[in-house]
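Numbering of ligands and ligand atoms starts at 1, following listing order.
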Amino acid sequence: MTPMEPITEAAYDRRRLRQWLAGEARADGVARRDVLRLAAAAGLAAAVPIALPAPRARAATAPGIVKPLPDDVFTVRGTNAETRFDALADTGHLTPASHFFVRNHTTTPRLDAAAWRLTVWGDGLTGGAREFTLADLRRLPSTTRTAFVECAGNGRSLFGSQQGQAVSGTAWTLGAIGTARWRGVRLAEVLRRAGLARGAVDVMPRGLDDDYVTADGTDLGRVRRPLPLAKALDDVLLAYEMNGEPLPPDHGHPVRVVVPSWIGIASIKWVGDIEVSTTPLYSPWNTDFYRLFGEHHPAEGSPPLTRQTLKSAFELPWNATLRAGARHRLTGRSWSGDGAVTRVDISTDQGGSWRRARLHDVPRRGSWVRWSTDWRPRTPGPATLLARATDTTGRSQPTTTAHNTQGYLFDAVVRHPVTVE
Ligand SMILES: Nc1nc2c(c(=O)[nH]1)N[C@H]1C(S)=C(S)[C@@H](COP(=O)(O)O)O[C@H]1N2
Ligand SMILES: [Mo]
């Protein structure tokens with residue numbers, strides 16, 4: 001397997017900033033201060049001291065999720081629902097829609113597929129705006145691929161529980177991920193039919209759900225995030241099927257963007273329009289959010305986050321009870337945004353010794369592998385299970401993750417507590 005083609009937001013972001021300073025990039029709905037902060041730190045303008053407001057956790061609201069959320073499958077967190085990893089033990093490689101986590105900034109909109117239109121517009125097209133119905137998209141050549149969608153904040157609560165660090169945002173454990181088989185049309189195909197101009201640089205899909213209003217009352221507009229054209233033309237899908245069925249309401253019905261291996265926010269649900277621009281674009285989702293801030297990162301934050309990191313999870317409840325003397329089959333999953341997971345090591349003695357788990361899937365980029373190992377605990381008392389994945393880039397999960405204020409991209413080996421009785 002070859003590692004993914006590196007499409008770096010880092011290099012592109014500097015260019016985008018330079019253009020913004022020259023009045024050539026647009027940042028509608030982004031505070032001027034925030035873009036200035038980025039530019040200053042990138043050495044593109046005189047340093048401007050800018051105080052950022054501390055990110056605040058959002059108040060809990062009614063979920064607004066359509067599908068049932070049984071307690072044994074989901075943990076509800078505000079407007080979101082996290083999958084319980086132990087509930088995946090009975091599922092196969094793919095996550096059934098009934099078990100797939102939901103991350104909603106607001107509420108799931110109920111859209112009529114027959115009335116739905118996708119508008120592709122902007123000065124990055126050779127002609128004018130183009131509209132596509134669902135039937136139009138279905139008539140175009142289709143592509144099917146398996147890919148996980150994972151929230152950038154998946155594992156966030158472990159910064160607190162495992163590293164004693166404060167972070168803001170939804171307190172996910174490890175269940176803000178699901179893997180599905182997506183069928184749809186390549187975004188590249190739709191852009192080509194819409195008439196892509198030579199000078200196009202950014203593509204910004206936008207959802208049809210309500211405006212997102214932060215806890216302090218700021219209306220950030222509809223959920224949207226620019227994608228560099230290079231990624232948009234690479235492996236991005238406009239998906240209308242999930243695991244062989246029309247997309248369910250909570251996962252973007254009738255059409256969502258799927259950006260394999262990238263953080264979940266890139267995969268815009270309920271897409272209604274896509275701006276194609278010759279001018280670099282900003283949204284709050286690539287400025288204030290989804291960059292790394294904090295003492296280990298540049299003052300202006302890291303470049304916008306793109307690929308997911310490396311993680312593993314046991315398909316066991318937290319604090320599960322296991323019988324002493326019995327042989328237990330420990331199962332779990334590992335995944336990486338950088339390449340396929342090729343190896344998983346397990347420790348049941350706090351990292352004193354490691355043994356290799358059996359892999360039950362062919363390692364593939366953008367997907368996860370299931371694994372298992374057997375364990376016969378002898379001594380009653382508390383124990384800790386560790387799983388450490390290694391991917392095709394040679395990277396293994398570290399012992400700790402450098403802190404960032406919004407708790408993104410936790411990749412450290414998770415210490416999973418169990419009790420032996
Ligand atoms: N329109 C829209 N798209 C969206 C979101 C949203 O709230 N609105 N949430 C994003 C985030 S942060 C994630 S992690 C994924 C979650 O996808 P899922 O709910 O299908 O699991 O959708 C992304 N796309
Ligand atoms: Mo997310």
Side-chain angles (χ1 to χ4, degrees), residues 58 61 63-67 69 73-83 94-111 116 118 147-156 168-172 174-182 184 204-214 220-227 236-243 245-274 283-286 288-291 304-306 308-309 337 406-410:
R58 211 150 38 79
T61 45
I65 293 173
V66 171
K67 70 183 176 187
L69 302 171
V73 179
F74 292 105
T75 306
V76 173
R77 303 192 187 281
T79 54
N80 316 296
E82 171 169 358
T83 305
L94 302 179
T95 312
S98 60
H99 287 53
F100 209 99
F101 86 102
V102 181
R103 165 59 176 128
N104 277 355
H105 282 73
T106 61
T107 59
T108 294
R110 301 308 300 262
L111 304 176
W116 177 86
L118 173 68
F148 64 70
V149 171
E150 183 190 16
C151 191
N154 193 24
R156 175 180 285 131
S168 64
T170 304
W172 305 112
L174 288 168
I177 180 167
T179 298
R181 192 130 176 89
W182 308 97
M204 181 140 74
R206 182 163 58 156
L208 288 166
D209 41 340
D210 291 340
D211 285 10
Y212 175 56
V213 180
T214 63
L220 298 181
R222 275 152 54 198
V223 178
R224 63 200 185 283
R225 189 183 202 244
L227 268 178
V236 177
L237 279 188
L238 288 171
Y240 43 72
E241 276 180 19
M242 178 182 187
N243 298 335
E245 302 282 343
L247 282 189
D250 297 314
H251 299 291
H253 180 85
V255 177
R256 81 176 299 168
V257 179
V258 173
V259 182
S261 302
W262 280 32
I263 57 172
I265 186 63
S267 293
I268 296 291
K269 303 193 277 188
W270 315 294
V271 60
D273 70 289
I274 300 178
S283 92
W285 288 271
N286 71 338
D288 264 6
F289 304 129
Y290 304 107
R291 292 180 185 247
L305 300 181
T306 57
Q308 278 293 1
T309 185
Q406 294 174 101
Y408 297 131
L409 302 188
F410 189 87

Are [X] and [Y] packed together at the side-chain level, in the sense that at least one heavy-atom pair is separated by less than 4.5 angstrom?
X: Phe101; Y: Val149; value: yes
X: Ile265; Y: Val223; value: yes
X: Asn286; Y: Met204; value: no
X: Lys67; Y: Val102; value: yes
X: Leu238; Y: Val271; value: yes

For Thr95, what residues pass the side-chain contact (heavy atoms from CB on, under 4.5 Å) criterion, not counting sequence neighbours? Leu88, His99, Phe100, Thr179, Trp368
Short list, please: which atoms of ligand 1 are under 4.0 Å from a heavy atom of [X]?
X: Tyr290; answer: 12 (S)
X: Ser267; answer: 22 (O), 23 (C), 24 (N)
X: Trp270; answer: 1 (N), 2 (C), 8 (N)
X: Cys151; answer: 14 (S)
X: Asp209; answer: 1 (N), 2 (C), 6 (C), 7 (O), 8 (N)
X: Phe100; answer: 21 (O)
X: Gly207; answer: 1 (N)
X: Asn104; answer: 7 (O)

How are the rings of Tyr212 and Trp285 set relative to one another: parallel (under 30°), tilted (30 to 60°) or perpendicular (over 60°)? tilted
Please name the pair of heavy atoms, one in [X] and one in [Y], separated by the smallest distance, quoted to 0.1 Å.
X: Asn104; Y: Asp250; result: OD1-O, 4.3 Å
X: Leu94; Y: Ala180; result: CD2-C, 4.0 Å
X: Val259; Y: Ser267; result: N-OG, 3.0 Å

How close does the nearest protein non-hydrogen atom get to [atom], and which residue and atom is it?
atom: atom 6 (C) of ligand 1; answer: His105 ND1, 3.5 Å
atom: atom 3 (N) of ligand 1; answer: Lys269 N, 2.9 Å
atom: atom 12 (S) of ligand 1; answer: Arg103 CG, 3.3 Å
atom: atom 23 (C) of ligand 1; answer: Gly264 O, 3.3 Å

Below the 3.5 angstrom mark, is there an N/O of Phe101, backbone or side chain, next to an N/O of ligand 1? yes
Contact check: Glu150 vs ligand 1, nitrogen or oxygen atoms, below 3.5 angstrom: no
For ligand 1, indicate whether the residue [X] contacts it via side chain, backbone, both or neither (heavy-atom separation under 4.0 Å).
X: Tyr212; answer: neither
X: Arg256; answer: side chain
X: Ala176; answer: neither

Begin with the C-alpha distance, continue with both residues' side-chain angles, and end with the deciding distance and a verdict on side-chain contact (heavy atoms from CB on, under 4.5 Å) for Arg222 and Leu208. CA-CA 7 Å; Arg222 275 152 54 198; Leu208 288 166; 3.8 Å; yes
